[in-house]
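Sequence lines set the chain letters: A, B, ... in the order given, protein chains first and strands last, and positions in each chain run from 1.
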Amino acid sequence: MKSSTSRRLMVPGVAALALGFALTGCGAGNEGGSSSSSDSSLSGTLSGSGSSAQQTAMQSWRSAFQTKNSKVTVNYDPAGSGAGVEKFNGGGVDFAASDSPLNADAGEIDAAKKRCGGDAIEVPDYISPIAVIYNLKGVDKLQLDPKTVAGIFEGKITTWDDAAIKADNPGVSLPSTKITPVHRSDDSGTTDNFTDYLSQAGGGAWTSPHSKTWPLKSGEAGAQSSGMVAAVTNAEGSIGYVDDSAAGSLSKASIKVGDAYVAPSADAAGKALAASPLDDSRPENDIAVKVDRTTTESGAYPLILASYLIACPTYKDSGKADAVKAFMAYIVSDDGQQAAAKAAGSAPLPSELAKKAQDAVDTIKAG
Amino acid sequence: MSTTAPKTRSPRRRLGDLVFSGTTSGAALIILLALAGVAIFLTAKGVPALKATGDDLSGAKNIVSYTAPLVFGTLWAALLALLIATPLSIGVALAVSHYAPRRIATVLGYLIDLLAAVPSVVYGLWGSLFLAPRLVPSYSWLGDHAHWLPLFSDNSSATGRTIFTAAIVLAIMVLPIITAISREIFAQTPRLNEEAALALGATRWEMVRLSVFPYARSGIVSAVMLGLGRAMGETMAVAMVLSASGVVTFDLNSSTNPSTIAANIALKFADATGLRVNALIFTGLVLFVITFVVNFIARAIVSRADRRLAA
């Protein structure tokens with residue numbers, strides 16, 4: 001029994017590793033045939049770890065990159081953003097992917113600097129809209145003011161025919177069904193971005209600061225995106241939030257931006273990102289976007305998750321430096337962004353930001 | 001007149017004996033080392049969490065107020081599971097050992113053992129996707145009509161993923177353990193005792209009550225305690241079934257439920273860094289200690305019962 005706790009913890013890890021190896025094996029096997037046409041001089045094995053939100057996109061990047069560079073193997077363990085950053089700072093992996101930029105207050109920037117022997121390179125690589133999903137019979141189209149969303153998730157608005165929801169949806173007949181707000185029971189970057197949105201755009205209706213852990217002790221909880229989707233699918237009158245690519249066939253609410261209501265889409269997410277300023281308090285080549293949740297830009301959808309790639313500016317091994325550089329350059333390139341958009345429904349980086357990211361990646365060298 | 005005592009010659013140590021005793025005591029030692037290793041790891045990594053505050057503890061003030069609701073949830077879920085599983089297991093075990101015809105009993109025994117072979121993720125999937133939605137009507141009826149009881153809230157869960165659903169799943173998971181041990185012990189009841197009871201005119205039930213139960217009491221207790229250990233440590237199934245919010249409540253039908261230590265670690269570990277990891281490991285240490293305490297209590301009960309039986 002005592003050992004079973006740790007064993008149970010280990011199992012998913014081992015499974016993920018095994019899956020990683022299996023996928024790599026696949027990739028390596030697949031590109032065997034095309035290796036004759038590849039004239040890439042890159043070789044070696046890259047290992048990365050981190051965000052599970054990026055998993056689908058990362059899979060398409062890895063397979064495309066390995067096809068082009070047959071002698072490179074890229075492993076990625078979607079262990080979670082926190083675990084990824086921890087492993088990167090401990091020197092366990094070559095690059096990390098994280099749903100939130102390195103946190104200066106938690107000492108992550110310093111730890112990364114220590115590991116790399118110089119300020120770490122950090123670039124946004126995966127932008128995805130977060131959809132507000134709901135399950136309400138007979139209501140296919142729902143519009144919500146961020147203040148209403150905050151009221152619902154705070155538990156202040158408890159039925160679907162509440163005056164606030166009616167005001168957002170003139171002419172829609174809403175049932176008196178009880179609202180079941182669903183949140184994530186595990187710590188997640190999606191929760192972090194969702195609560196950040198509510199606290200900034202909620203007009204005071206949301207009283208907690210943003211955090212990866214759901215801050216309230218009320219409401220229904222689901223484990224991971226799949227648990228969230230299952231909970232909303234099963235419960236009439238429920239509402240939740242999930243990465244747009246995971247929403248499946250569930251109804252999605254449009255949120256109020258300025259005077260109009262905007263539905264989640266890659267386009268709208270890109271617009272919101274383009275309208276957001278960069279965080280200028282960070283080292284050079286550490287590009288973090290301060291997403292402007294209160295933007296009134298027409299057609300922008302500011303409820304987005306911006307995920308990042310983290311790497312070192314220098315690697316001792318020149319082969320590794322070249323491979324990391326080439327892999328990251330591919331990810332932030334137009335090709336890479338389109339591949340992710342196709343595979344995971346993410347929003348391609350706005351061109352200005354993509355250019356900045358490319359410049360940062362280009363500084364990676366051996367040393 | 002002297003008798004020569006047969007000279008006691010120490011038996012020649014054979015190589016096979018040496019190897020055998022070496023390997024067995026080695027195996028025993030490895031258990032101790034592994035246990036000590038786990039304890040040392042948990043303590044070393046858990047102690048830094050003592051000075052963790054606020055941000056690293058999901059908003060709790062200190063490590064005690066962070067761990068306490070989890071301890072409550074762990075014990076509460078395990079207790080509920082045992083309340084369901086114990087009578088059921090003893091019934092099944094009795095049926096297999098004393099009531100059912102031989103052939104059916106064998107099949108039943110196999111089926112029960114099979115339950116233990118189902119992976120806990122599968123129980124998790126079954127519990128959250130199949131069982132929970134089917135319990136929603138009962139929960140909402142209880143919420144409407146029985147919320148004056150402290151066990152039910154008038155705000156019942158719309159998904160059915162409550163602590164009671166988790167307890168049902170846990171009960172099914174510990175059922176094979178308790179049943180298997182109880183069955184073995186019931187079957188070992190001295191035949192003479194049973195026949196004596198029957199000869200005195202006891203009915204089947206009286207025979208079981210008078211001869212089987214007293215004999216098996218300590219065995220049942222240790223079976224239940226083993227089940228308790230399993231229920232407290234179960235991770236995946238609880239993490240998937242339970243809609244956990246980390247509160248302290250006795251409500252069985254609400255969507256806001258206490259979380260358990262093991263499920264909390266599984267859910268939060270992936271995204272944890274720095275002191276958060278230490279805090280999670282600290283809760284693991286607490287679970288480790290609780291299981292120890294439970295085992296000690298079980299031993300104490302068993303040995304006391306044995307002494308009474310012998311007296």
Side-chain angles (χ1 to χ4, degrees), chain A residues 1-6 8-9 11-12 51-52 78-86 89 99 103 105-108 111 135 158 177-189 192 208 211-224 226-227 230-232 234-238, chain B residues 34-35 38-39 41-42 55-56 58-59 69 120-121 124 128-129 132-133 136 155-161 226 229-230 232-236 239-247 255-257 259 261-277 284 287-288 291-292 295:
Chain A
M1 168 28 238
K2 289 121 213 159
S3 68
S4 86
T5 317
S6 53
R8 257 155 237 284
L9 264 181
V11 168
S51 160
S52 52
S81 299
V85 170
E86 191 109 304
N89 288 346
D99 291 344
N103 185 341
D105 297 338
E108 286 173 356
N135 174 355
T158 53
T177 317
K178 194 182 79 179
I179 302 181
T180 303
V182 186
H183 62 265
R184 290 276 292 267
S185 59
D186 52 331
D187 288 358
S188 123
D192 195 26
S208 322
S211 80
K212 284 182 181 180
T213 309
W214 186 251
L216 303 177
K217 302 231 176 282
S218 61
E220 176 88 16
Q224 280 147 359
S226 52
V232 174
N234 287 335
E236 171 76 17
S238 58
Chain B
L35 210 58
V38 172
F41 161 78
L42 287 175
D55 267 2
D56 293 318
S58 313
S120 55
V121 237
S128 61
L129 299 180
V136 172
N155 188 12
S156 74
S157 168
T159 53
R161 294 165 57 245
L226 266 181
R230 171 98 162 98
M232 289 198 303
E234 178 47 44
T235 307
M236 222 39 225
M240 292 170 80
V241 172
L242 189 61
S243 158
S245 298
V247 292
S255 51
T256 308
N257 297 290
S259 188
I261 292 177
N264 184 59
I265 294 177
L267 287 173
K268 310 277 177 176
F269 186 74
D271 235 36
T273 48
L275 274 179
R276 285 176 185 234
V277 178
L287 182 60
F288 188 77
T291 356
F292 254 135
N295 270 320

Task: Partner set under side-chain contact (heavy atoms from CB on, under 4.5 Å) for B:Ala132, not counting sequence neighbours - done: B:Arg161, B:Thr165

TODO: Using side-chain contact (heavy atoms from CB on, under 4.5 Å) as the criterion, list what pairs up with A:Asp186, not counting sequence neighbours.
DONE: A:Arg184, A:Gln224, B:Leu267

Where the side chain of [X] meets the backbone of [Y], is there a donor-acceptor pair that is under 3.5 Å apart?
{"X": "B:Thr235", "Y": "B:Gly233", "result": "yes"}
{"X": "A:Ser211", "Y": "A:Thr213", "result": "yes"}
{"X": "A:Thr180", "Y": "A:Ser238", "result": "no"}

Task: B:Met240 vs B:Ser120 side-chain heavy atoms within contact, under 4.5 Å - done: no

Task: Test item: side-chain donor near acceptor, A:Asp99 and A:Ser51, under 3.5 Å - done: yes

TODO: Check whether A:Ser188 gets within reach of chain B through its side chain, its backbone, both or neither, counting any heavy atom under 4.5 Å.
DONE: backbone

Open item on the list: Report which part of A:Ser81 has an atom under 4.5 Å of a heavy atom belonging to chain B: side chain, backbone, both, or neither.
Closed with: both

With a 4.5 angstrom heavy-atom cut-off, could you sort out which part of [X] is near chain A: side chain, backbone, both or neither?
{"X": "B:Leu242", "value": "backbone"}
{"X": "B:Asn155", "value": "both"}
{"X": "B:Val277", "value": "side chain"}
{"X": "B:Thr159", "value": "both"}

TODO: With a 4.5 Å heavy-atom cut-off (strictly below), which parts of residues 214-221 of chain A touch chain B? List them by number.
DONE: A:Lys217, A:Ser218, A:Gly219, A:Glu220, A:Ala221

Task: Greatest number of heavy atom pairs closer than 4.5 Å to chain B - which of A:Ala223, A:Ser185, A:Ala231 - done: A:Ser185

- [ ] Could you tell me which non-hydrogen atom of A:Ala111 sits nearest to which non-hydrogen atom of A:Asn89, and how far apart they are?
- [x] CB-ND2, 3.6 Å

- [ ] List for me each residue that meets side chain to side chain donor-acceptor pair (under 3.5 Å) alongside A:Asn135, sequence neighbours excluded, and say none if there are none.
- [x] none

